[in-house]
Structure formats: C-alpha cells, structure tokens
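What follows is a set of notes on a single structure, which appears directly below.
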Amino acid sequence: MSRYALAPSRILLIVLLLSLAVCALASWYALHEPWLGLTLIPDKNGVLVEKSSGPSRTIPAGARLLKLGTAPSHMDLRSDDLIEEPDSFDTYPLMDEFFQRQSVLHVLLQSPVRLAWQKAGGPEQQLTLTPGIRPLSDLPAVFWFQLFAGTTGCLIGCWVWVLRPHDWGTRMFALTGLMFPLFTLPAAIYSTRELALHGKTFQLLSSLNHTGALLFGCALAGIFLTYPRMLVKPRHLLWLPLVFGAFLLADLFRLAPNQDWGYRIPVMAEMTLAIGFGVVQWMKSRSQPIDRAALRWLMLSALIGCGLFVFTTAGSGLFGLMHPLSQGYSFGFFLIMYVGIALGLRRYRLFELDEWAYRILLWVGGAMIVIALDAAFILILGLNPTFSMGITLLAGGLLYFPLRQWLWQRYVAPAHFTMEQVMPDLIRIAFLSAARERNQQWTQLLQTLYDPLEVSSLESAPSTAELADDGLSLRVPSCGGLQACQLRYPYLGHRLFSSHDAVLVNSLCQLMNHATAGREAYETGAAEERRRIARDMHDDVGARLLMLIHRTHGGPEAEIARAAMRDLRTAISTMDARPMLLADALADWRAETTSRIEAAGALVQWHEPEQLPQIDLSSSERSALERVLREAVSNALKHASPCNIEIDVSLDEALRISVSNDGFAPPPHTWAQGRGLRNMRARLAELGGNLSIEAQNNHPRLLLTLPLAR
C-alpha cells in the first residue's frame, strides 16, 4: 500500500461526512420550497385536505381543495397533481404535461395565492394567504427514511470496498452503494413535496433517480459476474453500462416509445441478468461449499431485496399486478440486501474480509449515532451546541456501548464453551439407552460447539482427535461406543480448527468413555438384579400359581389363576428388559387373544400386514401394549357379549391396533371411566400414545395408537 493512501477508517469517515452534507443539502432544499401548511391526499374527484396548519390552519380537515391561483388566473387541482412518482405515467407526453402543471403551480405559489375549497355539501369558500417556509417538523418520516436508506447503503458499499479495493467483486458492490443515494435522495425531495416543485427541477430529480437505478442494476449484475469467480474478463464488464446506458439515454431524451421500454423493461432485464449470472455462479461452485455458502447469502439478500423493490414499484406498473408500495419505504428492501451481505461477510468470509472490518462498521455506527443525536437535540429541542454535545456523549455512551458489545458478542466473537457447560450434555448423552440416539445427540453437541458446514462419518477412526487439511478438518475418534466422524469448515467456514480444539475434543472423548463405562456398569448391575427377581418370581410365585391351577380342576378359581399367571409372565418379560421384534410380539398376542376369545365362546378375526418391518419393541412398549390389548378384549367379553371380535393391526408412523366387536354398547360418552379405562389411557400416554373409543351402530371400537422409533 502506498504511504500516501488513506486508512480505511478515514475513508469511511470522509464518505460519512459527504453523505451527511448531501442529506443536509436535500433537507435544505425541501425546507425552502413554498409551504401552505397543508397535508394533502389524492381523491378520485380531486384533492382532499387531511390536516392543516400554519398559513392554512383555518381550512378544516376533510375539505376538498378546488383551485389555486391569483386574480385573474387560477388552476383547477387534480388528483394526479399529488402523484408521488412520475414513473406511474405510461407515456412521455403525460409526464411532460404533469411537469408543466407542476411548473405553473410552483410559479403561483411564489406570491400570495387564493385557495378555493369546499366542505362536503357546503358552498365554495376562498382563502388568500402567503406561502411560508416549510418547518423541519413538517417533513414526513418517509423523507428521513429515504435519506437514511441512501446514506446507509452508500456507507456499507464503501466499507466493503476499502477493505479489498483491488477485488472486482467489492468494486461492483461499491458501485451499487454509490448509486444508492443517487436514486434515493432525489426521490426523497419530490415524493414528499407538499404540492408542487418547478417542472424543470422535478424532471431533473426524476432523471437522477432513473440514472441511479439503472446504474445500480448494472453494478448488481456485475457482482454476480465477478463473485465468487470471474465469469468474464474485466473489460467485458463495460458491456453492461454500454447496453443499459443506451436505454438510459433513450429514456432521458424521450427517444423510447414509452416508459415500459425506457425504464421498466431495462430494470427488469438487469434483475433477470443478475439472477442468471447467480445461477451460473452456483453451478460453477458445485464443489466449493464456502463459495456456495457465500452465494446463498448474497443471492437471497440481494435478489430478494432488489426483487421486492422492482416488483412492488416498476413491476407493478408494468404488469398491473398490485398497487405499488410507497417508493420511499420500498427503498428499505435494498437495506435487506446490504444487511444480508454484512452478515454474509462475517459468517461466510464473503469477499475474504477480516474480522476487523466489523470494528470499523461499529466505529462508524457510533459516529453516526453521536452526529444524529447532536443534530436532533439542536434542531428539534433547540439546545445550546455545547450543552447538546455533552448530552449526546452521555446518551450515546449509554445506548451505543451496550449495543456495540451485544453486536460484537452476537456476530463477531466466536462462541467459547467451558467444560462445566458441556458436562451436563455429555452425561445425558452417555446415559441414553438407544445407540442411534446417542450418536445423533453426540453429533448435535459437536455441531453446537463448532457449527461446521459438513459432518461426515469415518471408516478409519484415529486414536485421538487430530487436525487435517491444514486445520480445515477435525477428525474425532470413536468414544463410548459412538461412531467416529470428521468435522469440516468450523463456524460456518469462518476460521480453521486449532490445536486447542483438538485438545478439547480429546478431553470430551475421555469423559465420554468414563461416563459410558459407568453407564454400562450400572446397566449390568441392574440387569443382574432384575434377572434375580424374575427368577425368584418364576420359581416361587409361578410354581404356586401352577399348583393352584391343577388343584382347582378348571373351575373359576383356575381361570383367575391363569390370568394371574399371564400377568406374571408379562411382568417377568418386562423385567428381562430385552427388546422383541414386533412380528414376534404380535404372534404371542394373537395366540393368547385367540385362546381367550374362543374359550369365551366367541369368534376372533385377526388382521395384520403380511410383511412387517424389522422393528424392535422395548420391554416397556411390549408390556404396555400387551396389557392394554388384554384389557380391551376383557372389556369386550364382559360388557358387550359379542359373537365376533375383530382385531386389526396397521403400521405407518405409529402402531395402531383396532379392537371392535358386534356386541351392543351404549355411546362411549356415557361409559363410566373406571379403573380399567384409566389404566389403559395412562399406560399408552406414558409412551406417547393414546386410546380413542367410538361406536358405530352401537358396536364399540377401541383404537390403540403408539408411535414407534424406526
């Protein structure tokens, strides 16, 4: 860099001061136009007074303004005299007529003028007044918003350029920033006029607006021609201003047939080219995740922001799709683009800018806050400049520094996690019962720690965490029975892995091994204790129930003992804690249910899919479904006295078992909610399932639903 080159911060400060000077000039011009004190709104029959103040304060709100002039000449007012944007006229003769009327009105307002107005249903009244100087408070919010949008866009565009002045992508982006105030500031003046500007001035401001918009579109297309890869040689970029410059000249000198060909179609064509170049860049960056990530931010922010503006202003006029949004506020769509690119600069190293760029942006933001507050205190509150600066520094410090720290921590400073923060998640993962869920949660923890763009499994696992690809990748070993994996592009591609990251992951793996060993020891002890209890119940309680069955010789007591034996077998299988295939569980339930129903003198129809997936039921799921199904069949035999019971099993995202019969039952809402139904609902609810009951033609039907993890 040349020793005579300015520092980036000074360049940005100069741009800021120049932008503020231009905004002050625009404000001065807007304030020195003749002012009647009226807020006017267009109406299909003319011009209505929304509110009045100053010289016209005697005119009531809601009155219709009929004409304006001096004896003996006057001009009838029309609704199109208040048009915000002259682009709404389709032909140039209509625009020229509009500018001529503006000139006549502007001349009439240079001296005392007579206003003719009429209250609804009342007689015509006249008022002679002398236009005054427009007060600062009369400038609407949309005026200041347009100044803010233009200044902010210019600053962000220059901010990108000063950091990498020799990069063609940043040069194109800087051009979009320079064009921003060229089309927003003129629009701020003429779109917020009270009634009229001189026609020549109006036409000049409109031409500047068109020039800025078309050149902005050229630079936007140039961004996608040059970033992240140069699609053409730099000299070919000149074709954009040459082609669209011809459209611009045709528009300025009224050589185009109408506004569509002079302005609207060229703007739409620029947007189409930008989208097309963006698609080409996307295709060429297929194997470059960093380029893809940057393009995603750039295309979404730039094209959505600019696209919304085009289709709510020029596009709506061209196709007649919608009522156009106020142009002043629609400029805010461009800020979406600039804010999106600013975020992309931080998250995806867009244009390869360094971290200190945010320091400059925050510094400039602080300067803008101080200047804006100082101007507000002086102009609006009328404070002494010295006292105002003291108040400004105090208020700016209280507001800016906390905001700056929050922004820095939120978007700039990388997240740092301590072992105390990670430990609870680590223990929770180690004690999850399902291996697949443990792997998913472990991967999620690593993503939370490093926010990588890519996570992939490793077939050849390293013994310890190690860096690869010069820090681009981190290879994580297998630990605690978890699968080894590789992380790439940490913090969404912003920085490389460091040796500190490898040390941290090694510590996490060691802790995971210890936690997993503790879980396995606990599970081994618990399983052994369950087996001992199950063995004792089988040998002691089971033997006595079997003895009771043999001694009662098939009486009612024997049936009770058999039911108790079935419950005991279910409890013992639950304690075994081993999963069972769904197909095997259904086979057991079908055999038991068929035996019970046929013993009661009824017929059973069991339907289930021919091909069942290889799904395991946990011991708790198997136990709950078995007991609920058993209770449902018992209730049917006890309360409905059916001849046929039909059981239908289906499987999609959940297991569904329908139990219906041909017996008679009252409507479900009249059923007493006894212990049996409450227990059935509670068992299913504990596992995330539910029980629904309905009756068709007085035939009851119970539906058991249980979601299953595949």
Side-chain angles (χ1 to χ4, degrees), residues 534-535 537-539 541-543 545-550 552-651 654-663 676 679-680 683-684 687 689 691 700-706 708:
R535 186 170 55 250
M537 292 175 64
H538 179 273
D539 294 344
V541 181
L545 286 173
L546 187 61
M547 183 185 301
L548 180 60
I549 292 172
H550 289 306
T552 53
H553 302 292
E557 294 84 357
E559 182 58 34
I560 296 175
R562 288 191 184 93
M565 180 68 81
R566 287 193 295 267
D567 290 337
L568 178 63
R569 186 173 66 247
T570 300
I572 291 175
S573 64
T574 301
M575 295 175 63
D576 189 33
R578 288 181 296 183
M580 175 183 285
L581 283 174
L582 174 62
D584 295 340
L586 287 173
D588 288 347
W589 299 342
R590 182 172 61 251
E592 177 189 332
T593 303
T594 301
S595 175
R596 291 184 60 205
I597 294 174
E598 290 178 349
L603 298 178
V604 61
Q605 299 180 37
W606 184 286
H607 307 286
E608 66 180 54
E610 293 183 1
Q611 297 293 331
L612 290 170
Q614 296 291 314
I615 296 178
D616 286 331
L617 290 180
S618 66
S619 59
S620 57
E621 291 174 333
R622 186 175 78 252
S623 172
L625 285 171
E626 182 174 318
R627 286 170 171 168
V628 172
L629 177 60
R630 187 179 295 160
E631 181 68 19
V633 172
S634 297
N635 286 343
L637 294 173
K638 180 179 179 181
H639 299 292
S641 301
C643 296
N644 293 280
I645 295 180
E646 183 176 354
I647 298 176
D648 189 4
V649 179
S650 62
L651 186 68
L655 175 63
R656 307 179 196 279
I657 302 177
S658 170
V659 181
S660 58
N661 63 80
D662 59 359
N679 288 344
M680 293 167 70
R683 291 183 191 278
L684 292 174
L687 300 174
L691 171 69
R701 177 176 177 268
L702 278 68
L703 178 60
L704 290 58
T705 303
L706 182 67
L708 297 176

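Model, not experiment: these values are computed from the prediction. Just the heavy atoms: all of them, side chains too, but no hydrogens, waters or symmetry mates, feed the values below. Positions are given from 1 along the sequence.
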- Item | Check ion pair R627-E631 (N to O, under 4.0 angstrom) | no
- Residues which pass side-chain hydrogen bond (donor to acceptor under 3.5 Å, both in side chains) with T594, listed by chain and number, not counting sequence neighbours: none
- Run the side chain to side chain contact (heavy atoms under 4.5 Å, CB included) check on W589 and I657 step by step: do they pass? CA-CA 11 Å; W589 299 342; I657 302 177; 4.2 Å; yes
- Task: Please identify each residue that fulfils side-chain contact (heavy atoms from CB on, under 4.5 Å) with T705, with sequence neighbours left out.
- Result: A654, R656, N690, L703
- Listed by chain and number, what are the side-chain hydrogen bond (donor to acceptor under 3.5 Å, both in side chains) partners of T593, not counting sequence neighbours? none
- Task: Would you give the length of the straight line joining atom CZ of R683 to atom CG of L691, rounded to the nearest 0.5 angstrom?
- Result: 12.5 Å
- Given side chains that start at C-beta, do those of L651 and L582 come closer than 4.5 Å, heavy atoms only? yes
- Residues in side-chain hydrogen bond (donor to acceptor under 3.5 Å, both in side chains) contact with N644, at least two apart in sequence or another chain: D662
- Task: Would you indicate whether the side-chain heavy atoms of L655 and V649 approach each other to under 4.5 Å?
- Result: yes
- Message: My understanding is that only residues two or more places apart in sequence, or in another chain, count here; which of them pass salt bridge (charged side-chain N to carboxylate O under 4.0 Å, His left out) with E646?
- Response: none
- Query: Just wondering, do I645 and L603 contact through their side chains at under 4.5 Å, heavy atoms?
  - Reply: no
- State, yes or no, whether a side-chain contact exists between L687 and L625 at a heavy-atom distance under 4.5 Å. no
- Item | With sequence neighbours excluded, residues passing side-chain hydrogen bond (donor to acceptor under 3.5 Å, both in side chains) with N635 | none
- Query: For A636 and P642, which heavy atoms make the closest approach, and how far apart are they?
  - Reply: O-CD, 3.2 Å
- Message: Are the side chains of P700 and N661 in contact, using a 4.5 Å heavy-atom criterion?
- Response: yes
